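Both counts, for ligands and for their atoms, begin at 1 and track the order of listing. From a predicted model like this one, the values you see are computed outputs, not experimental measurements.
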Amino acid sequence: MEILDPALQAYLDSHCDPEPEALQQINRETYLKVLKPHMLSGHYQGRLLSMLSKMIQPKLILEIGTYTGYSAVCLAEGLAEEGVLHTIEANSELEEMLNSHFKSTNVDKKIRLHIGPAEAVMADLELNNIDIVFIDADKRNNFRYFELILDKVRPGGLIIIDNVLWKGKVFGNHNDADTVNIRKLNERIAVNTQVEKLILPVRDGILIIRKK
Ligand SMILES: C[S@@+](CC[C@H](N)C(=O)[O-])C[C@H]1O[C@@H](n2cnc3c(N)ncnc32)[C@H](O)[C@@H]1O
């Protein structure tokens, strides 16, 4: 199920900023060469991530789930002059392509790619005072990552989680393991008083969480 009517989505796409050339190229290469290209954030969601990042002007961003680098580049667009984005990807086969994608952008120098399982890399990195976290990896661990990272995010910082509407299944009668897991994540975050939260019906549902 599409969350938004395709005609509405087309209208939204054509009335936001155009997709930068380097991101168009990452998009094209992903669809030509990589499995499951629909995982990439894409034009409209990418502009949302870029806008949120530019509003916060972060010094430190953590992304969990790099894939082919599209969302990392969008988030890095808003980094402060001395800011850094750490991004974690478990699939080492993507490393070469990722380095070439990042080199083709003007934010290359601000991105640090880490290849390995997220939890182990996060433990090694020991990041603190994070301004933005984007969680977009193995969905069953979403809540685990949220719990691990909450203390490391500065007050007023954002945690953004992708795919929380799960093609609309979370508010239907579906009871497969993935849907139940994401429904539970949304319920747990909805009652968490340490954070403010809002699900936006963008693409597959994006949960914006602000630490109080
Ligand atoms: C949905 S894709 C990320 C899409 C990307 N954020 C974007 O918007 O363009 C999920 C990625 O997370 C990676 N991944 C899955 N489990 C992971 C883990 N435990 N640690 C790090 N990366 C993981 C997958 O290999 C895949 O490339």
S71: numbered ligand 1 atoms lying under 4.0 Å from its heavy atoms:
5 (C), 6 (N), 7 (C), 8 (O), 9 (O)
Look only at interatomic distance and state if P117 has a nitrogen or oxygen under 3.5 Å from any nitrogen or oxygen of ligand 1.
no
Provide the number and element of each atom of ligand 1 under 4.0 Å from a heavy atom of Y67.
2 (S), 3 (C), 4 (C), 5 (C), 27 (O)
For ligand 1 and D136, I'd like to know whether there is a polar contact (N/O to N/O, distance under 3.5 Å).
yes
At less than 4.0 angstrom from any non-hydrogen atom of A90, what atoms of ligand 1 do you find?
17 (C), 18 (C), 20 (N), 21 (C), 22 (N), 23 (C)
Testing the 3.5 Å rule here: is there a donor-acceptor pair between the side chains of N141 and D138?
yes
When you look at NZ of K36, are more than 12 heavy atoms from neighbouring residues, nucleotides or ligands closer to it than 6.0 Å?
no
Quick check: does any side chain N or O of K59 sit under 3.5 Å from a backbone N or O of G83, one acting as donor and the other as acceptor?
no
F143 ring centre to R188 NZ or CZ under 6.0 Å, with the angle to the axis within 45°?
yes
Atom CG of L35 with >12 non-hydrogen neighbours under 6.0 angstrom
no
Suppose I only count heavy atoms of Y145 and a 4.0 Å limit; which atoms of ligand 1 are within that range?
18 (C), 19 (N)
Compare all side-chain heavy atoms of L150 with those of K211 and state whether any distance is below 4.5 angstrom.
yes
Check if E63 has a non-hydrogen atom at a distance under 4.0 Å from any atom of ligand 1.
yes
When only distance counts, is K139 in polar contact with ligand 1, meaning an N/O pair under 3.5 Å?
no
Heavy-atom nearest neighbour in the protein, as seen from atom 14 (N) of ligand 1, with distance rounded to 0.1 Å
A137 CB, 3.8 Å
Taking the minimum heavy-atom distance to atom 11 (C) of ligand 1, which of R144, R203, E89 ranks first?
E89
For the pair D176 (side chain) and T179 (backbone), establish whether a donor and an acceptor sit closer than 3.5 Å, ignoring hydrogens and angles.
yes
For atom 16 (N) of ligand 1, which of I135, L40, D138 has the closest heavy atom?
D138
Look at E81 together with K109 and state whether they make a salt bridge at an N to O cut-off of under 4.0 Å.
no
Element-labelled atoms of ligand 1 that are located less than 4.0 Å from some non-hydrogen atom of G116
20 (N), 21 (C)
Does a donor on one side chain and an acceptor on the other come within less than 3.5 Å for H86 and E63?
no
Is ligand 1 less than 4.0 angstrom away from at least one heavy atom of T66?
yes
Relative to atom 9 (O) of ligand 1, which among G69, S41, S92, A118 owns the nearest non-hydrogen atom?
S41
